[in-house]
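To start, the structure under review is shown below, and the notes come after it.
Heavy atoms only: backbone and side chains are in, while hydrogens, waters and symmetry mates are out. These numbers come from a predicted model, not from an experiment.
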Amino acid sequence: MGLQCCFGGLKLASSIPPSSYYSSSILTPLPKTLALLLHRRRPSPRPPLPLTVRALSSPAIRTAPSTFPDEKVVKPQWKASIDFKWIRDNKEAMAANIENRNSSANLELVLELYEKVLTVQKQEVEQLRAERNVVANKMKGKLEPTERQKLIEEGKNLKEGLISLEEDLLKLTDKLQQEAQRIPNMSHPDVPVGGEDCFVLRKMVGSPRVFGFPIKDHLQLGKDLDLIDFDTAAEVSGSKFYYLKNAAVLLEMALVNWTISQLMRRGFTPLTTPEIVRSSIVEKCGFQPRGENTQVYSIAGSDQCLIGTAEIPVGGIHMDSILAETSLPLKYVALSHCFRTEAGAAGTATRGLYRVHQFTKVEMFILCRPEESESYHEELIGIEEDLFLSLGFHFKTLDMASGDLGAPAYRKFDVEAWMPGLGRFGEISSASNCTDYQSRRLGIRYRPEAMSTNPKKGKGNLPPPEFVHTLNATACAVPRMIVCLLENYQEEDGSVVIPEPLRPFMGGLEVIRPKSR
């Protein structure tokens, strides 16, 4: 389950090495102004005051610049709705999840910053405000000129102290938000713990085709059938780019049109999306556009990035909105080009079309009520399996381990198909339940229908909005689908048979044959 959130809630999970939990060097001391004020006054015990930290109350706001020259803090341009109280109350579960997911999040630092914010907000700021109000009330009565001047000076000093303290508070909350945004989602209790090889096999479908002749990989088939040109693309654009030619172009279009038509029959709304988005949208979806080893292409001199998946622009459609419960679920199928740096990817396992910088992809995206997200996760993986079964692939479905989950994912299923030319299974799809991790960052909520029998209508009787759950799944990553089709449907004469479901979308073409010479 995602973290419930009241303080701008968030379902989180993180994975940091235990040794970093207690790194005192990471947590800098309080700014000098704040430290002096904390030592100067020790307020008497009193009931806790309402927590109204404005810097944490909005899901997406820009904050004023800090006035402290002695310490530089990278200010987040937006605020995630994070339930810090939940994190504090579930510290052990959070720490274990952080470790299991190998996250760089620093839970200990987040909790220490949170306690500092509470201390300043509850004890110091409210105390100074109360004293300032006392002075203001005294000024209303009859006073000697000297007494009035003393109160004026005292009020002025209190005002300056309050301004300085509130600036310190904003700086603390910015640091807290910056660190907390690194915490990943919580994990489903059934997620296997471990690295990428610790997955659990959910299903195996079909069996490898037995060939009675020496087989070729998709690179050789693409060259012999004049379908793919890597060499020219390398000269024009660099490595890991390609031209599709002749029947391969028709094959891409057929895969896209067939997939979208199948999903429209299942109630999905088709979209094409922007392929350049603001960096903040990428971050709110749980990706790090400028992090170390990022897969995201950032546009220099701007706050924009190329998308790595349509999940990002589709997730932004309902940003900062409250949806009617009757409108849920919202199901989208989006077509886009995707761009990935593929940092660190190399070797024979990534050659050809298997791992490229630019490709066409059809993506499914669902927004739903929290109690329905697990059933829709099963629906998404079921759709993927039906599509790949229709194309005659031999594939397996995996429940991925904690160390292989991206930050937003609560649970992720992968589909790997047999690629005979490469001699191995290769990932062709995934389906992730992100619970409310993305919606708390994007500010996407829905208003539950009122269950009260009270006949009175009015805004005051409306139930409070809740965060939706979001899910995403790959319906068709074109290059890897082409790899599977070429390698599994090759014939001894060098031709490739087109699977029956795709033929109506290729003008009736049934076989891609070598060109006569």
Side-chain angles (χ1 to χ4, degrees), residues 215-260 272-273 275-276 294-297 299 305-310 334-363 391 393 416-430 474-490 494-499 502 505-506 509 511-515:
I215 61 174
K216 304 174 184 178
D217 63 15
H218 72 280
L219 289 90
Q220 190 62 49
L221 289 164
K223 182 177 180 181
D224 293 347
L225 295 171
D226 197 23
L227 301 176
I228 312 168
D229 186 346
F230 292 102
D231 295 336
T232 304
E235 294 178 4
V236 172
S237 302
S239 63
K240 297 187 183 297
F241 287 93
Y242 57 95
Y243 286 96
L244 292 184
K245 303 165 61 179
N246 302 312
V249 177
L250 301 181
L251 189 55
E252 169 165 317
M253 296 171 66
L255 283 165
V256 166
N257 289 324
W258 172 72
T259 302
I260 291 176
T272 59
T273 74
E275 293 170 358
I276 296 176
T294 181
Q295 297 297 314
V296 179
Y297 283 107
I299 300 175
C305 303
L306 301 181
I307 65 170
T309 169
L335 170 66
S336 75
H337 292 106
C338 303
F339 305 86
R340 300 183 184 180
T341 66
E342 297 297 353
T348 57
T350 63
R351 70 183 187 273
L353 289 176
Y354 188 80
R355 197 175 298 280
V356 292
H357 291 308
Q358 175 184 335
F359 58 96
T360 303
K361 182 160 71 79
V362 180
E363 183 80 0
L391 295 175
F393 291 164
E416 295 185 355
W418 179 247
M419 301 176 178
L422 296 179
R424 63 180 178 86
F425 284 96
E427 180 189 342
I428 60 171
S429 182
S430 66
T474 304
C476 177
V478 169
R480 294 190 185 181
M481 297 290 277
I482 290 178
V483 172
C484 288
L485 292 170
L486 295 182
E487 294 187 357
N488 282 287
Y489 282 92
Q490 61 182 297
S495 64
V496 173
V497 176
I498 303 300
L502 300 180
F505 298 90
M506 293 193 66
L509 182 65
V511 181
I512 303 174
R513 303 185 185 279
K515 292 184 177 179

Residues that Tyr297 engages under side chain to side chain donor-acceptor pair (under 3.5 Å), provided they are two or more places apart: His357

Please name all residues satisfying side chain to side chain donor-acceptor pair (under 3.5 Å) with Thr360, sequence neighbours left out, ordered by chain then number. Glu252

Kindly indicate whether the side chain of Ile498, heavy atoms from C-beta on, has any atom under 4.5 Å from the side chain of Tyr489. no

What distance do Tyr354 atom OH and Glu342 atom CD have between them, rounded to the nearest 0.5 Å? 10.0 Å

Over 12 foreign heavy atoms within 6.0 Å of CE, Met253: no

Set of side chain to side chain contact (heavy atoms under 4.5 Å, CB included) partners for Ala334, sequence neighbours left out: Leu271, Thr273, Ala310, Val314

Any side-chain heavy atom of Leu391 within less than 4.5 Å of one from Trp258? yes

Which heavy-atom pair separates Leu335 from Ile260 by the least distance, and what is that distance? CB-CD1, 4.2 Å

Within a strict 4.5 Å, meaning less than it, do heavy atoms of the Asp224 and Pro514 side chains meet? no

Contacts of Gln358 meeting side chain to side chain contact (heavy atoms under 4.5 Å, CB included) (sequence neighbours excluded), chain-then-number -> Phe241, His337, Phe339

Looking at every non-hydrogen atom in both residues, tell me the closest pair between Ser495 and Val511 and how far apart they are. CB-CG1, 3.6 Å

Phe425 meets the ring pair (Phe, Tyr, Trp, His ring centres under 6.0 Å) criterion, sequence neighbours left out, with His394, Trp418

For a 4.5 angstrom cut-off between non-hydrogen side-chain atoms, does Leu485 reach Pro499? yes

Atom NZ of Lys216 and atom NZ of Lys223: how far apart are they, to the nearest 0.5 Å? 11.0 Å

For Glu363, salt bridge (Lys or Arg N to Asp or Glu O under 4.0 Å) partners two or more places apart: Lys361

Set of side chain to side chain contact (heavy atoms under 4.5 Å, CB included) partners for Cys476, sequence neighbours left out: Leu255, Thr259, Val362, Val478, Met481

Using a 4.5 Å cut-off on heavy atoms from C-beta on, say whether the side chain of Ile482 contacts that of Leu244. yes

Could you pull out all donor-acceptor pairs under 3.5 Å where a side-chain atom in residues 225-233 meets a protein atom, sequence neighbours excluded?
unit_1: Asp226; atom_1: OD1; unit_2: Lys245; atom_2: NZ; d: 2.7
unit_1: Asp226; atom_1: OD2; unit_2: Asn246; atom_2: ND2; d: 3.1
unit_1: Asp226; atom_1: OD2; unit_2: Lys515; atom_2: NZ; d: 3.3
unit_1: Asp229; atom_1: OD1; unit_2: Asp231; atom_2: N; d: 3.2
unit_1: Asp229; atom_1: OD1; unit_2: Thr232; atom_2: N; d: 3.0
unit_1: Asp229; atom_1: OD1; unit_2: Thr232; atom_2: OG1; d: 3.3
unit_1: Asp229; atom_1: OD2; unit_2: Thr232; atom_2: OG1; d: 2.7

Nearest 0.5 Å, please: how far is CG in Leu251 from CG in Leu486? 6.5 Å

Just so I know, are the side chains of Ile307 and Ile276 near enough to count as touching, which here means a heavy-atom distance under 4.5 Å? no

Do Val236 and Tyr243 touch side chain to side chain, with heavy atoms closer than 4.5 Å? yes

With sequence neighbours excluded, what pairs up with Ser429 under the side chain to side chain donor-acceptor pair (under 3.5 Å) test? Glu384

On the ring face of Phe393, is Arg480 found with NZ or CZ under 6.0 Å from the centre and within 45° of the axis? no

Can you name the side chain to side chain donor-acceptor pair (under 3.5 Å) partners of Glu427, sequence neighbours left out? none

By side chain to side chain contact (heavy atoms under 4.5 Å, CB included), which residues pair with Ile215, not counting sequence neighbours? Phe211, Phe213, Pro420, Gln490

Which atom of Met419 lies closest to which atom of Cys484, heavy atoms considered: CE-SG, 3.8 Å

Student check: side-chain heavy atoms of Leu422 and Glu487 closer than 4.5 Å: yes

